[in-house]
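Ligands are counted one by one from 1 in listed order, and the atoms in each one are counted from 1 as well.
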Amino acid sequence: MRTSVLQGLLLAGLAPSLAGQDIAAREYSARRDSLAARIDSGVVIAFGTPDPTSIHQAAQLPAFRYLTGFLEPNAAFVLVKSGGRVTGTLFTASRDPRRALYDGFPHDSATVTRQTGLAVRSLPAFRQIVDSLVQRGLPVYDLRDFATADAGASDSLTRGAQFLADLQGRHQTAAPQIRDAHAIVDSLRARKSPAELALLRRAIDITVASLKETMRSARPGMYEYELQALVEAGFRRAGAEGPSFASIVGSGPNSTQYHYQRNDRRMAAGDIVVMDVGASYRGYAADVTRTIPVGGKFTPEQRAIYQLVRDAQAASERVAKPGVSFKAWRDTARAVEARGLAKLGLIESAEATFDPPWASQCGASPERCRQAFLYMAHGLGHGIGLEVHDPPGYGGTGTFEVGQVFTIEPGVYISTRLLDMLPDTPKNRAMIAKVRKAVERYQNIGVRIEDDYVVTRNGIEWLSRAPREINDIEALRMVSSRIR
Ligand code: GLY
Ligand code: MN
Ligand code: MN
């Protein structure tokens, strides 16, 4: 039966609790099948976001959203694979009628089943059903409800962690094996589908348009938060939910702090300002950084650092393609940076080492003991998707594969505080004696250039096409002063 225009509108009106309008129900179902295909038998339990703890509606957690598209809080999803058969059930919370006047009326279970293709049961049945599955001896695969993967390692207090601890307590004589299923779901999430890529492109396009407009608007005397307000207004005006992470607008000394977020400094001519921002569109995160001179023209020192960072980015863009290891890609950018830093006298030589405060990490990652690392002690990039730091991790082993969407974001951050934080060792004293003058010369220059890409069959496609060459950035401002 063809749906009438009116029915279509009614269905669209039902959309708020489901992400299904952007990603087809059959794609969610294919994702669940892929997950099931990767386990022999067992019970996968995904916990959804808890009730909001403020007046803001909580965003759905990424693994849960990826498998269900269901956006209501307080739900759990259970996938059972047993004897080759796979079933999926969504457990949803009923809403207190008065609460519904604030938060909206949730869909009835028949609607949710129609839109998700999942059986729906009420949350109070969840515990008993999991108990009965565990009694059948099925292992449990968990997808806990920590807010971001970055916080996952230290999680012990989420509802998911509590539920699993109780589950083991209840089944002491035949305690279930509990395995973490995040690695499996992450491996699926690493490769974006065409529908996901379309949403990411939209998030990135919105980010670029707003960032470009904001780059034209920066003037000495403005506060960092004015740039933040401009960029975020542009996101919402274009239909994005808002920022996908706390916007970073750091000028002068603040440009040297990677995740600066206060954004409350008044900017002066002669400062550089790092703007690291991203829109969230239908749950998908963009992440783009531009660094510009507040006065419109780079000083010679800013120009030198900027070009070095841009060269590192360009070099790593050239090597990224399917089959290339993340390590080779990282090493390329770091080698270009190290040569540039040595030329400017900021390190003793491209290969020179030092005794960093994080010396214990150098066994596993020898590059962290290179002097060049001091000026960029963060990763070269990461996946983007339902999270701003999405799978796969680009800091470890692994290779580029078609369909990955990721950032390349080299930076160089100069501050005498870097020298002050070094342990007092003979090696460090020798280094400091050689580089202090240069560090003072380039003091308070922080530059990061961050772009978003998709891996294609032959290489990568640059998605975030905001101006990034020195001439183009300076021209942007000249054009805008002429038309003012
Ligand atoms: N915007 C945070 C990051 O670049 O990782
Ligand atoms: Mn990033
Ligand atoms: Mn960023």
Side-chain angles (χ1 to χ4, degrees), residues 59 62 147-152 186 189-190 192 200-201 203-212 214-215 224 227-228 231-232 234-235 240-251 254-263 272-281 283-292 306 309-310 312-313 316-317 320 326 329-330 333-334 337 375-396 400 404-413 446-455 460 462-468:
T148 79
D150 293 352
D186 283 359
R189 283 171 57 195
K192 269 62 186 182
L200 277 163
R201 282 185 190 275
I204 294 164
D205 287 350
I206 290 171
T207 304
V208 165
S210 188
L211 191 52
K212 232 163 118 174
T214 306
M215 288 163 79
E224 293 162 346
L227 297 181
Q228 174 189 356
V231 88
E232 292 180 5
F235 291 171
E241 290 93 60
S244 59
F245 57 90
S247 301
I248 297 164
V249 182
S251 64
N254 301 334
S255 67
T256 66
Q257 183 184 334
Y258 307 160
H259 280 180
Y260 169 78
Q261 293 173 10
R262 281 200 317 279
N263 304 351
I272 211 159
V273 58
V274 172
M275 294 183 282
D276 182 347
V277 295
S280 169
Y281 186 76
Y284 282 81
D287 187 11
V288 183
T289 307
R290 287 294 179 267
T291 302
I292 62 167
Y306 190 95
V309 175
R310 176 66 196 113
Q313 192 191 36
S316 52
E317 279 174 356
F326 299 148
W329 166 74
R330 295 192 304 265
R334 291 219 178 261
E337 279 211 350
Y375 300 100
M376 179 187 142
H378 62 67
L380 181 60
H382 52 84
I384 53 172
L386 285 172
E387 286 183 88
V388 68
H389 292 166
D390 216 54
Y394 288 78
F400 288 96
Q404 292 170 355
V405 182
F406 71 108
T407 71
I408 305 183
E409 50 180 304
V412 165
Y413 312 85
V447 172
R448 176 162 65 254
I449 310 173
E450 175 173 28
D451 280 282
D452 302 339
Y453 311 81
V454 57
V455 182
I460 57 175
W462 175 34
L463 301 174
S464 49
R465 294 173 173 261
R468 59 180 181 179

Exercise. Sub-3.5 Å donor-acceptor pair from the side chain of Ser244 to the main-chain atoms of Ala286, do we have one?
Worked result: yes
Exercise. What are the two closest non-hydrogen atoms of Ile248 and Gln261, and how far apart are they?
Worked result: CG1-CG, 4.4 Å
Exercise. Side chains of Leu380 and Glu409: closer than 4.5 Å at any heavy-atom pair?
Worked result: no
Exercise. Has the side chain of Lys212 got a donor or acceptor atom that lies under 3.5 Å from a matching backbone atom of Arg465?
Worked result: no
Exercise. Nearest protein heavy atom to atom 5 (O) of ligand 1, by residue and atom, and its distance?
Worked result: His389 NE2, 2.7 Å
Exercise. Do side-chain atoms of Thr291 reach the backbone of Arg448 as a donor and acceptor pair under 3.5 angstrom?
Worked result: yes
Exercise. What's the shortest heavy-atom distance between Phe326 and Phe400, and which atoms?
Worked result: CE2-N, 3.5 Å
Seminar exercise, completed: atom 3 (C) of ligand 1 sits nearest the protein heavy atom Asp287 OD2, 3.4 Å
Seminar exercise, completed: closest protein heavy atom to atom 2 (C) of ligand 1 is His259 NE2, 3.5 Å
For this session: Could you list the atoms of ligand 1 found under 4.0 angstrom from a heavy atom of His382?
Result: 3 (C), 4 (O), 5 (O)
Problem set entry | Residues Tyr394, Arg330; criterion side chain to side chain contact (heavy atoms under 4.5 Å, CB included); working and verdict | CA-CA 9 Å; Tyr394 288 78; Arg330 295 192 304 265; 5.6 Å; no
Exercise. Can Arg448 be said to touch ligand 1, with heavy atoms closer than 4.0 Å?
Worked result: no
Exercise. Should you measure from each heavy atom of Phe245, which atoms of ligand 1 turn up under 4.0 Å away?
Worked result: 1 (N)
For this session: Determine the sole option in Val447, Ile292, Asn254, Thr256 for which the side chain to side chain contact (heavy atoms under 4.5 Å, CB included) test with Ile272 is passed.
Result: Val447
Exercise. Short list, please: which atoms of ligand 1 are under 4.0 Å from a heavy atom of Asp276?
Worked result: 1 (N), 2 (C), 3 (C), 4 (O)
Exercise. Is the distance from the Mn ion (ligand 2) to the nearest N/O/S atom of His382 under 2.8 Å?
Worked result: yes
For this session: Ignoring hydrogens and angles, tell me if any N or O in the side chain of Arg290 forms a donor-acceptor pair with the backbone of Pro467 under 3.5 Å.
Result: yes
Problem set entry | Tyr260 side-chain N/O to Asn263 backbone N/O, donor-acceptor pair under 3.5 Å | yes
Exercise. Is there a side-chain contact between Val454 and Val405, using heavy atoms and a 4.5 Å cut-off?
Worked result: yes
Exercise. His378 near ligand 1, heavy-atom distance under 4.0 Å?
Worked result: no
For this session: For atom 4 (O) of ligand 1, grab the closest protein heavy atom and report residue, atom and distance to one decimal in Å.
Result: Glu409 OE1, 2.9 Å
Exercise. Which residues and atoms, protein N, O or S only, are under 2.8 Å from the Mn ion (ligand 3)?
Worked result: Asp276 OD1, Asp276 OD2, Asp287 OD1, Glu450 OE1
Seminar exercise, completed: In ligand 1, the atoms that come under 4.0 Å of a heavy atom of Glu450 are 4 (O)
